[in-house]
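Order of listing sets the numbers, starting from 1, for every ligand and every atom in it.
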Amino acid sequence: MSERNGTVVCPGSYDPVTNGHIDIITRTSNVFDRVVVGVVNNPVRKQKTLFTAEERKAFIEEATADLPNVEVQIFANLLVEFARDNEARSIVKGLRAISDFEYEFEMAQLNRKLDPGIESIYVIASPHYSFLSSTGVKEMATFGGDVSDLVPPAVAAALGDRLDDR
Ligand code: PNS
């Protein structure tokens with residue numbers, strides 16, 4: 001029997017990916033055979049994204065290039081359908097503080113109702129990333145704060161350019 005656990009999907013908006021996301025993806029890649037990072041095309045509950053889905057996907061691909069069992073796809077359908085399309089029986093998401101819990105609790109229950117055969121699994125954020133969010137990074141960068149140790153280098157550069165353009 002495999003010591004690992006087949007295919008898993010790691011979904012998110014990733015607008016943009018942070019070092020906290022990369023930490024969760026890396027740790028997940030240590031326990032699953034294949035990790036499919038799912039970049040949602042248009043997040044329903046959020047405003048327009050700063051980066052296109054293709055840009056968000058490219059940032060993750062670059063930052064995970066050293067992880068051979070990680071791939072990145074864009075999806076625009078239900079998460080459980082995306083998981084089934086990839087023959088994944090698990091969804092992994094990161095969990096930071098208590099503030100994440102209510103939203104993730106709802107998502108896990110909705111996804112379980114849609115497909116009870118797909119398990120939602122939560123990986124607790126590493127302490128040094130427990131405060132980190134894409135929204136916080138965008139806010140810091142907007143006001144000229146240094147985000148270089150919070151996001152991959154390509155994201156830090158692109159944030160500067162994109163926010164200058166606005
Ligand atoms: O990084 P986020 O914004 O927390 O990611 C949200 C995501 C992509 C996990 C969520 O928006 C999602 O699953 N979207 C696809 C539609 C769906 O299946 N929604 C949940 C059940 S209704």
Option whose closest heavy atom lies nearest to atom 13 (O) of ligand 1, chosen from V80, V17, N111, L79: L79
Atom 11 (O) of ligand 1: of Q109, M107, H21, R112, the nearest heavy atom sits on M107
What residue and heavy atom of the protein are closest to [atom], and at what distance?
atom: atom 5 (O) of ligand 1; result: G12 CA, 3.4 Å
atom: atom 14 (N) of ligand 1; result: V40 CG2, 4.1 Å
atom: atom 22 (S) of ligand 1; result: L110 CD1, 4.1 Å
atom: atom 1 (O) of ligand 1; result: S13 N, 3.0 Å
atom: atom 9 (C) of ligand 1; result: K93 NZ, 3.5 Å

Just by modelled atom types, is the [Y] backbone N or O under 3.5 Å from a matching donor or acceptor in the [X] side chain?
X: N42; Y: A76; result: no
X: T52; Y: E55; result: yes
X: D15; Y: L50; result: yes

Are the aromatic ring centres of F59 and Y14 under 6.0 angstrom apart? no
I want to check something: taking the side chain as every heavy atom from C-beta on, are I91 and V8 in contact at a cut-off of under 4.5 Å? no
Answer with yes or no whether E81 contacts ligand 1, where contact means a heavy atom under 4.0 Å from a ligand atom. no
Closer than 4.0 angstrom: is that true for some heavy atom of N77 and an atom of ligand 1? yes
Give a yes or no on this: more than 12 heavy atoms of other residues, nucleotides or ligands lie within 6.0 Å of atom CD of E106. yes
Atoms in ligand 1 flagged as close to Y103, the criterion being non-hydrogen separation under 4.0 Å: 4 (O), 6 (C)
At a non-hydrogen distance cut-off of under 4.0 Å, which region of L78 contacts ligand 1 (side chain, backbone, both, or neither)? both
Under 4.0 Å, heavy atoms only, figure out whether ligand 1 is touched by the backbone of F75, its side chain, both or neither. side chain
Assess the side chains of N86 and Q73: does a donor N or O sit below 3.5 Å from an acceptor N or O? yes
Taking atom types as modelled, find out whether R89 and T7 have a side-chain donor-acceptor pair closer than 3.5 angstrom. no
